[in-house]
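Input: a single structure, listed below in structure tokens.
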Amino acid sequence: MNEQLSHIDFENTRADIFCFDTCTEVREYHAMIHVTQKGLTYAQQLEAVMDAYNGLLSQLPDTQAVFKRYFLSDAANQADDIIVTDVTDCAKSIIQQAPLDGTKVALWVYLMSNVQTGLTKSGLYEVRHGEFRHLYNASAHNLAANSEYQMRLLFNEYIMQLAEEGCTLSDNCIRTWLFVNDIDLNYGGVVRARNQVFFTQGLTVHTHFIASTGIGGRQADPNVLSQMDNYAVAGIKPEQIHYLYAPTHLNRTSDYGVSFERGTYIDYADRRHVFISGTASINNKGEILFPKDVEKQTRRMWENVEALLKEADCTYDDVCEMIVYLRDVADYELVRSLYEERFPGKPYIIVHAAVCRPGWLVEMECMALKKIENNAYKPF
């Protein structure tokens, strides 16, 4: 198996790439594309990012994007250009979470080889290979009266889309991202809506929840208070899905009134996909550790994520991408130096986004990929 990091310099951009190759048909790549020339206009930066993306495709035969996320510094003035410019046939998440390196746009792109993609009648983007259909959705939003109603409508619409694909929220949804405009004000409504919807769908502390990140982020329209991205797998069996708890380090989220899993992993015949939810500096009593100290919070956050990865028989070597959220832009240089020291070459990005509790200064999420052999399951 070939599992490696690489780095490609394009004109005015840099791409950090993780390659996962089990020598089967489907290779997986995660790339973070960063602008390297801060003085360029937004149009020039976006053009440079798109050129780098196209350059990546030219170097990766039979490979295509299955999911993209654009991180913007000013969505109101930038999002429309991406919608016009990027016509890739995949789910595209566009969110204002400013890259903290001082640029205006950055891109995380997830690519696979030898898969078929397309938009389904339900409105979900489908990635097909073998027995499975991977269903992505991104930038879902509406203009209901408040964040609670918006989130409830988002989930209700998603449940109907899944039903059209022969899926359910409880059996097939693996991962969600909930972006909340002015999270300190609007997160409570998002939590109430999710709790209510999950209860109606049979998702409880006695069954399971869904891996998730709930984080600050805004759309171009300031009236959009809640945006959702999501990922589901059609054809998956319950025994392939496992939930991560790390009880020595973390408590159940339901202990403090929210409903998501700390992490989830899925086993296929040849590989394991691990999804780590947004994780911060917390202990197994639900208490914030090291208030007002971003360095100590970062190190505890790493320890928590490491405990979750270990439960999935993984380490940081298996992590293929990381997104780091900072509440205070003044903490960027310190946190960047910590990441550069511990994870040199790893695809990651640090963005400006408030975490759901004001006392948390930093949060991270990640995905890991690991080769396994399990003849009980179908190949990826």
Side-chain angles (χ1 to χ4, degrees), residues 5 7 9 12-18 30-38 40 42 45-46 48-49 52 68-75 78 93-110 177 179-180 183 213-218 229 275-282 290 292-306 309 316 319-368:
L5 300 172
H7 167 95
D9 288 313
N12 298 321
T13 57
R14 180 188 83 251
D16 297 320
I17 307 157
F18 182 98
H30 285 268
M32 290 288 182
I33 299 176
H34 305 269
V35 175
T36 54
Q37 298 298 321
K38 300 178 185 178
L40 300 177
Y42 169 68
Q45 291 191 28
L46 179 58
V49 167
K68 288 182 173 182
R69 179 167 297 147
Y70 286 93
F71 305 92
L72 302 179
S73 61
D74 181 10
Q78 297 167 345
S93 175
I94 303 171
I95 195 69
Q96 180 174 313
Q97 290 179 330
L100 285 178
D101 59 4
T103 60
K104 295 177 179 294
V105 56
L107 173 64
W108 163 36
V109 57
Y110 183 13
W177 292 265
F179 301 104
V180 187
I183 194 168
T213 300
I215 198 74
R218 62 158 286 175
D229 299 348
F275 302 89
I276 302 298
S277 299
T279 303
S281 177
I282 191 173
F290 310 115
K292 302 182 181 179
D293 188 327
V294 72
E295 179 173 354
K296 288 183 178 179
Q297 284 200 15
T298 298
R299 295 188 186 281
R300 173 64 190 207
M301 174 184 71
W302 288 345
E303 186 181 329
N304 288 346
V305 171
E306 192 168 34
L309 290 169
Y316 276 113
V319 169
C320 48
E321 56 82 21
M322 299 183 287
I323 301 174
V324 186
Y325 305 100
L326 282 185
R327 185 178 187 88
D328 186 349
V329 297
D331 290 328
Y332 169 68
E333 288 297 339
L334 173 58
V335 174
R336 183 196 62 80
S337 67
L338 294 171
Y339 268 82
E340 283 299 303
E341 180 181 359
R342 182 161 184 183
F343 305 110
K346 185 79 73 176
Y348 77 91
I349 186 169
I350 304 176
V351 296
H352 185 210
V355 185
C356 61
R357 284 203 222 176
W360 277 328
L361 306 178
V362 59
E363 179 172 303
M364 71 172 283
E365 63 175 72
C366 63
M367 181 179 173

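In this text the structure is predicted, and so the values were computed from the model without any measurement.
Closest approach of Phe290 to Ser281, counting heavy atoms only: CD1-OG, 3.9 Å. For the pair Ile17 and Ala31, the tightest heavy-atom approach, listed with the atom from each and the gap, is CG1-CB, 4.1 Å. What you find for Val305 and Cys366 is that their closest heavy atoms are CG1-SG, 3.9 Å. Residues Ile349 and Ala106 come closest through the heavy atom pair CD1-CB, 3.4 Å. Scanning all heavy atoms of the two residues, the minimum distance from Ile323 to Glu321 falls at CG1-OE1, 3.9 Å. Shown here for Lys104 and Leu40, the closest heavy-atom pair between the two residues is CE-O, 4.3 Å.
With hydrogens and angles ignored, the 3.5 Å screen pairs no side-chain donor or acceptor of Asp328 with any backbone N or O of Leu361. Panel note: side chain Arg300, backbone Ile282; a donor-acceptor pair is recorded below 3.5 Å. Remark: the backbone N or O of Val351 is not paired with any side-chain donor or acceptor of Gln97 at under 3.5 angstrom.
For residues 344-356, every residue pair satisfying the side-chain hydrogen bond (donor to acceptor under 3.5 Å, both in side chains) rule, not counting sequence neighbours, is listed here: Glu340-Tyr348. Applying the salt bridge (charged side-chain N to carboxylate O under 4.0 Å, His left out) test to every pair with at least one member in residues 349-366, sequence neighbours left out, gives these pairs: Arg175-Glu365.
Looking at Ser73 and Gln78, their side chains come closer than 4.5 Å, going by heavy atoms from C-beta outward. Residues Ile215 and Val355 meet the side-chain proximity criterion, which asks for heavy atoms closer than 4.5 Å. You'll find the side chain of Val362 stays beyond 4.5 Å of the side chain of Asp331, heavy atoms only. No side-chain heavy atom of Val105 sits less than 4.5 Å from a side-chain heavy atom of Phe71. Looking only at side-chain heavy atoms (C-beta outward), Met364 and Trp302 come within less than 4.5 Å of each other.
Taking CG of Leu326 as the reference point, atom CD1 of Ile350 lies at 6.0 Å (rounded to 0.5 Å). Considering CD1 of Ile183 and OH of Tyr325, their distance stands at 10.5 Å, rounded to 0.5 Å. With rounding to the nearest 0.5 Å, the separation of CZ in Phe179 from CD1 in Ile94 is 11.5 Å.
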Open item on the list: Show, in sequence, the C-alpha distance, side-chain angles and deciding distance for Tyr332 and Asp101, and conclude whether the side chain to side chain contact (heavy atoms under 4.5 Å, CB included) test is met.
Closed with: CA-CA 8 Å; Tyr332 169 68; Asp101 59 4; 3.5 Å; yes
Task: Step-by-step side chain to side chain contact (heavy atoms under 4.5 Å, CB included) determination, Asp16 to His34 - done: CA-CA 8 Å; Asp16 297 320; His34 305 269; 3.9 Å; yes
TODO: For Arg299 and Glu295, run salt bridge (charged side-chain N to carboxylate O under 4.0 Å, His left out): C-alpha distance rounded to whole Å, both residues' side-chain angles, the deciding distance at 0.1 Å, then the answer.
DONE: CA-CA 6 Å; Arg299 295 188 186 281; Glu295 179 173 354; 3.2 Å; yes
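Looking at residues two or more places apart in sequence or on another chain, you find a side chain to side chain contact (heavy atoms under 4.5 Å, CB included) between Lys38 and Thr103. The side chain to side chain contact (heavy atoms under 4.5 Å, CB included) search around Glu306 returns Tyr316, Arg342, not counting sequence neighbours. Qualifying side-chain hydrogen bond (donor to acceptor under 3.5 Å, both in side chains) partners for Asn12, counting only residues two or more places apart in sequence or in other chains: none. The side chain to side chain contact (heavy atoms under 4.5 Å, CB included) search around Arg218 returns Ala76, Gln96, Asn181, Pro222, not counting sequence neighbours.
Ring geometry for Trp108 against Trp177 counts as perpendicular: the plane angle is over 60°, on a 0 to 90° scale with 30° as the lower cut.
The local environment of CD in Glu341 is sparse, with at most 12 non-hydrogen atoms from other residues, nucleotides or ligands closer than 6.0 Å.
A donor atom on one side chain and an acceptor atom on the other are found under 3.5 Å apart for Asp229 and Ser93.
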